[in-house]
Protein chains: 2
Amino acid sequence: MATRPQQSPRRTDALSKERIVEAAIEMLDAGGEKALTFRGLAARLATGSGAIYWHVANKDELLAAATDDVISRVVTDVAGDAEPRDAIRAMALGVFDAIDMHPWAGVQLSRRPWLVALPQLFEGFGSQLEALGVPERVLFDSTSALVGHVLGAAGQNAANGRLYAEGTDRAAVLGSVAEEWARLDPARFPFVHRVAAQLPEHDDREQFLTGVDLFVTGIVTARA
Amino acid sequence: MATRPQQSPRRTDALSKERIVEAAIEMLDAGGEKALTFRGLAARLATGSGAIYWHVANKDELLAAATDDVISRVVTDVAGDAEPRDAIRAMALGVFDAIDMHPWAGVQLSRRPWLVALPQLFEGFGSQLEALGVPERVLFDSTSALVGHVLGAAGQNAANGRLYAEGTDRAAVLGSVAEEWARLDPARFPFVHRVAAQLPEHDDREQFLTGVDLFVTGIVTARA
DNA sequence: ACACGACTGGAACGCTGTTCCAATCTAGAG
DNA sequence: CTCTAGATTGGAACAGCGTTCCAGTCGTGT
């Protein structure tokens, strides 16, 4: 049988999971989820796809590792010596911005939770709620709800963002959606009809923050 | 050149987008997102994949149509003559249960919003908030936040559900996650350490409802 | 000098979404 | 009734994917 010549020279710099994850994040940021392929990754790292599999079990693990990397970086960045409400706002905004910057991570978070980053979020939000005087009895439920809200709403926003990621701009897309809403039957959709105009001009980041504030207000109010 | 024999007899019952979407939903419910393939769909409908493409542009459109079908069914089911808070709880639970029953739809919702069902959600939640006396000025933001919360938290839950969907049961998975949390450094994760025990025994549905209530409380409180 | 395990890279496999097109049906015109 | 034009079908073909497999190469310890 014919021997395989193995013509191309071997790499000198070692491959590693870190280097692979780093390259994967770059590809994901550049072209979204479907831009990450093992062939492309191999080309970018100047290797073969088989070599990658020696360091990473499969694509799912690679995506999870990339998501973990991106999220945990943000969570640890937030300092903890502010007022509880401000600290919560800061952490929530950190998550929001991270997911906004890496939308593929948002999808991943709503797909495979219990990530390494999750305990960090729980710890951060939970301890601040405790500082706000939320009683032990409802602390776990409140924290779960808050974490779920932040991840859910941020992911939701990232999904919207992807719509006008390529080419078309935000205002145009939202404008056309607003037109659609305005065309709906005013008898069946009076409310939608009325607020359609506000759709194109709202600020996603601020709206997200409003939601977090409302949530904290609810928790604090129910505390009594 | 050789003619193609086209041996198998033609179907008598017409193909249609509705029939295709219906079959797709069955496949998605049975085996999740990756169980839906055009080949499998063609086999189930006793046709070829090409025929499906005459009715449906591509897989994305098919997924969007299936999601719309499942979600809008639930939204229109909720009657509207209850107390505002109860109506909101009922609608939220409807969405929660729908996504819980069809987890693939949850992923889809956090991926491609502005679905046909979205105006219905906006209308439902928005009009109830209005009935609660939320002033016009913050009505749009509050409704957006509430819709985002419901979709986000429900999707989040569905993602968790998929972890113990196949084989392993919920209690076992949550138990092992709780153990992992308990093993974390108590100095760095005091809060997580403390609430880990509550993780396996909490009720997702109830926790979701708690979150919605907290949110509404926050909105009502901020109304003043 | 040698051997052995860690590591590499590219070929190959089975599957996917999608495109293409001959074959076939249906409806209406003449 | 015949003919034809368009709507619809089904399956072959294509490019590309994740994954597996394995011959080859390197670095290290003896």
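Predicted, not measured: the structure shown is a model, and the values here were computed from it.
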Under 3.5 Å, is there any donor-acceptor pair linking the side chain of R39(A) to the base of dG18(D)?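 Check passes, donor-acceptor contact within cut-off.
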
Grab the [atom1]-[atom2] distance between [X] and [N] for me, whole Å please.
| X | N | atom1 | atom2 | answer |
| --- | --- | --- | --- | --- |
| E33(B) | dT16(C) | CD | P | 15 Å |
| L41(B) | dG11(D) | CG | C1' | 15 Å |
| I20(B) | dT8(D) | CD1 | P | 12 Å |
| Y53(B) | dA13(D) | OH | C1' | 14 Å |
| L36(B) | dG17(C) | CG | C1' | 11 Å |
| L63(A) | dG18(D) | CG | C1' | 12 Å |
| K34(A) | dG18(D) | NZ | P | 12 Å |
| R19(A) | dT8(C) | CZ | C1' | 13 Å |

Using a heavy-atom cut-off of under 4.0 Å over every strand shown, decide if L62(A) touches base, sugar-phosphate, or nothing.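 The residue L62(A) makes no contact with any strand.
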
For I52(B), answer base if it contacts any base atom (sugar-phosphate contacts may also be present), sugar-phosphate if it contacts only those atoms, and nothing otherwise; contact means non-hydrogen atoms under 4.0 Å.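 No contact at all - I52(B) keeps every heavy atom at 4.0 Å or more from the nucleic acid.
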
Select one nucleotide: of [options], the one nearest the side-chain heavy atoms of [X].
| X | options | result |
| --- | --- | --- |
| W54(B) | dA12(D), dA7(D), dA6(C) | dA7(D) |
| T37(A) | dC17(D), dA12(D), dG17(C) | dC17(D) |
| L15(B) | dT9(D), dT20(D), dT18(C) | dT9(D) |

Roughly how bent is the helix from dA1(C)-dT30(D) to dG30(C)-dC1(D) end to end, in steps of 10 degrees, with each end axis from five pairs?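 If I round to tens, the end axes sit 20° apart.
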
Between K59(B) and E33(B), does any NZ, NE, NH1 or NH2 come within less than 4.0 Å of an OD or OE carboxylate oxygen?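 Salt bridge: no.
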
SB check E26(B) R44(B) (cutoff 4.0 Å):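 Result for this pair is yes, salt bridge flagged.
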
With side chain to side chain contact (heavy atoms under 4.5 Å, CB included) as the criterion, how do W104(A) and T67(A) come out once you've worked through the C-alpha distance, each side chain's angles and the decisive distance to 0.1 Å? CA-CA 8 Å; W104(A) 48 270; T67(A) 308; 3.9 Å; yes

Between K59(A) and A51(B), name the one whose nearest nucleotide on DNA chain D is closer to the 5' end.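 It is A51(B), whose closest nucleotide lies nearer the 5' terminus.
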
Sort and list the pairs that fulfil salt bridge (charged side-chain N to carboxylate O under 4.0 Å, His left out) and have at least one residue in residues 88-97 of chain A, not counting sequence neighbours.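 The answer is R89(A)-D213(A), D97(A)-R205(A).
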
Have D141(A) and H202(B) got a donor and an acceptor in their side chains that come within less than 3.5 Å?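 Per modelled atom types, D141(A) and H202(B) side chains form no pair under 3.5 Å.
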
To the nearest 0.5 Å, how far apart are CD in E123(A) and CD in Q120(A)?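 Rounded to the nearest 0.5 Å, the CD-CD separation comes out at 9.5 Å.
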
Plane angle bin for F215(A) and F215(B) - parallel if under 30°, tilted between 30 and 60°, otherwise perpendicular: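 Perpendicular: the ring planes of F215(B) and F215(A) meet at over 60°.
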
